Amino acid sequence: MDAKGFIEELDADFYAGVPDSQLKALCDCLMDRYGVDAQHHVIAANEGNAVGLAAGYHLATGEVPVVYMQNSGQGNAVNPIASLLDDEVYGIPVIFVIGWRGEPGVPDEPQHVFQGQITLRLLEDLKIASFVVFSDTTEEEVATAMASFEPLLAAGKSVAFVVRKGALSFDGEVRYGNGWALRREDAIRQVLEASGSDPVVSTTGKPSREVFELREAVGQPHGSDFLTVGSMGHASSIALGVAAQEPGRRVWCLDGDGATLMHMGALAVIGSSGVRNLVHIVLDNGAHETVGGMPTAAGQIDLVAIAKACGYAMAQAVSDEQGLARALEEASSQEGPTMVLVKCALGSRPDLGRPTITPKQAKVDFMEHLSRL
């Protein structure tokens, strides 16, 4: 169904969430209607953050907000749903719109399969009534669902629309971009050349796909790479865990700006950890590119200054190949955790593939590589 019609039936004036490819039509429609506006539409750092924003909106207005997310974000939202929104606590009503990745019977990536199986069950456990949106769902059916939800919302309960693949459409055009010229894949190539046989932990989405294809292109094995295909925002913590146990080797983390923002407390843990061998590369294109290109808050803050304040021994920003080469050389010999923020262009190759080995095989290969170092 048309995302504009879907929004009209929800009849809400505030949206907060984390972008999802399954909800791209909705996200583009919201950007077209509101852009990023603290009073009407906030792109949150993580799904729990979005729930908190929605709660604040309700407290200030008495109105019902909307929180949107991919179903993988349900885990981030469970705590504030159960301990803040629940009708036995504050009774704050929220309309959730959840993209259903890994829906049973629909082929998807391995990291989405289990989450897809438990999506509706999690909502049931959280006492959230749900309605599944199909591609042929009509505005009248959504209106009927909303009418059935009204008594629940009035009683301080939350409800959810679970959106199947391809269920929403948007005929408008929203363009995303930035002013940086360095291609992310070229930046990753430089990092892989600098890291040699050192362990590399890469974040979820396109960066890990590019790491895999760059290794394939030159005939290199994949054992030195841990491709974090799920658990967005946790690659730097995984890398820290490896670095602490492998003090004799430099460990490289390829992160994204959206992923870094999602669990930014990891920066404080890294900076205060005392590890001397972690290089944190943040590929910053100011966007949630893998799921459609909506902007992150990275362009409005100084991640380099934040890293330094958190205790990183060195942190710097670069925006071209020459600057990156110098920064990687410095990071290779720096004692203490270091950050290199790489300003990248938005976009990737249209023929970018996906890893052809399973996550479990990749784990085994990575662990065997570590054991040989």
Side-chain angles (χ1 to χ4, degrees), residues 1-12 14-34 41 43-44 47 50-51 54 64-77 81 94-124 126 128-150 152-153 158-174 176 205 230 232 288-294:
M1 68 178 295
D2 180 62
K4 291 180 182 177
F6 181 68
I7 286 175
E8 292 302 323
E9 297 302 335
L10 297 187
D11 193 28
F14 180 80
Y15 293 78
V18 177
D20 169 37
S21 57
Q22 209 97 311
L23 301 178
K24 187 176 187 306
L26 173 71
C27 294
D28 285 349
C29 188
L30 291 173
M31 288 298 294
D32 182 65
R33 177 173 295 198
Y34 300 117
H41 178 221
I43 301 173
E47 294 79 6
V51 173
V64 179
V66 175
V67 168
Y68 62 87
M69 67 180 73
Q70 183 182 118
N71 55 346
S72 62
Q74 284 178 285
N76 285 334
I81 289 173
V94 169
I95 299 170
F96 288 95
V97 179
I98 301 171
W100 197 356
R101 295 298 302 267
E103 177 188 352
V106 178
D108 210 326
E109 298 303 307
Q111 68 269 24
H112 297 301
V113 173
F114 180 62
Q115 185 69 49
Q117 294 171 357
I118 64 173
T119 293
L120 298 181
R121 195 188 320 159
L122 271 175
L123 293 173
E124 291 174 6
L126 291 166
I128 296 176
S130 63
F131 177 86
V132 178
V133 181
F134 295 74
S135 58
D136 59 355
T137 296
T138 65
E139 291 181 29
E140 290 75 19
E141 289 172 320
V142 172
T144 300
M146 278 299 299
S148 71
F149 286 159
E150 286 302 333
L152 298 174
L153 295 169
S158 293
V159 301
F161 289 91
V162 180
V163 180
R164 299 185 71 203
K165 184 177 182 179
L168 296 179
S169 61
F170 177 62
D171 58 9
E173 184 178 4
V174 180
Y176 302 109
M232 180 175 171
H288 289 283
E289 185 191 324
T290 299
V291 291
M294 291 177 74

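These figures come from a predicted structure and were not determined experimentally.
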For residues [X] and [Y], report the shortest heavy-atom separation together with the two atoms involved.
X: A44; Y: V18; answer: O-CG2, 3.8 Å
X: K4; Y: D171; answer: NZ-OD1, 4.0 Å
X: L26; Y: V97; answer: CD2-CG1, 3.9 Å
X: Q115; Y: L122; answer: NE2-CD1, 3.7 Å
X: P19; Y: V291; answer: O-CG2, 3.6 Å
X: S130; Y: V162; answer: CB-CG2, 4.3 Å

Classify the side-chain pair H288/Y176 by whether it contains a donor and acceptor separated by less than 3.5 Å.
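Side-chain D/A pair, H288 to Y176: absent.
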
So, E47 versus Q74: side-chain donor-acceptor pair below 3.5 Å or not?
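Checked: E47/Q74 side chains show no N/O donor-acceptor pair below 3.5 Å.
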
Keeping the roles fixed (side chain from [X], backbone from [Y]), state whether a donor-acceptor pair exists under 3.5 Å.
X: T290; Y: G205; answer: no
X: W100; Y: G116; answer: yes
X: D108; Y: R101; answer: no

Roughly how far apart are [X] [atom1] and [Y] [atom2], rounded to 0.5 Å?
X: Y68; Y: F96; atom1: OH; atom2: CZ; answer: 13.5 Å
X: C29; Y: L23; atom1: SG; atom2: CG; answer: 12.0 Å
X: F131; Y: T144; atom1: CZ; atom2: OG1; answer: 8.0 Å
X: C27; Y: D32; atom1: SG; atom2: CG; answer: 12.5 Å
X: I7; Y: E9; atom1: CD1; atom2: CD; answer: 11.5 Å

Find out whether T119 and F114 are in side-chain contact, i.e. whether some heavy atom of one side chain is under 4.5 Å from a heavy atom of the other.
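Heavy-atom side-chain distance check fails, nothing below 4.5 Å.
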
With side chains defined as the heavy atoms from C-beta onward, is the minimum distance between V142 and M1 less than 4.5 Å?
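SC-SC contact between V142 and M1 confirmed.
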
With a 4.0 Å cut-off, would you call K24 and D28 a salt bridge?
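Salt bridge between K24 and D28, a charged N being under 4.0 Å from a carboxylate O: yes.
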
Does the ring centre of F161 sit less than 6.0 Å away from the ring centre of F6?
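Yes.
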
Using the salt bridge (charged side-chain N to carboxylate O under 4.0 Å, His left out) rule, take R33 and E8 through it: C-alpha gap first, then chi angles, then the decisive distance, then the call.
CA-CA 12 Å; R33 177 173 295 198; E8 292 302 323; 2.9 Å; yes

Please report the C-alpha distance between L10 and F149 in whole Å, then the side-chain angles of each, then the deciding distance to 0.1 Å, and finally whether the side-chain contact (heavy atoms from CB on, under 4.5 Å) criterion is met.
CA-CA 11 Å; L10 297 187; F149 286 159; over 6 Å; no

Tell me, with the steps shown, if E103 and R164 meet salt bridge (charged side-chain N to carboxylate O under 4.0 Å, His left out).
CA-CA 8 Å; E103 177 188 352; R164 299 185 71 203; 2.8 Å; yes

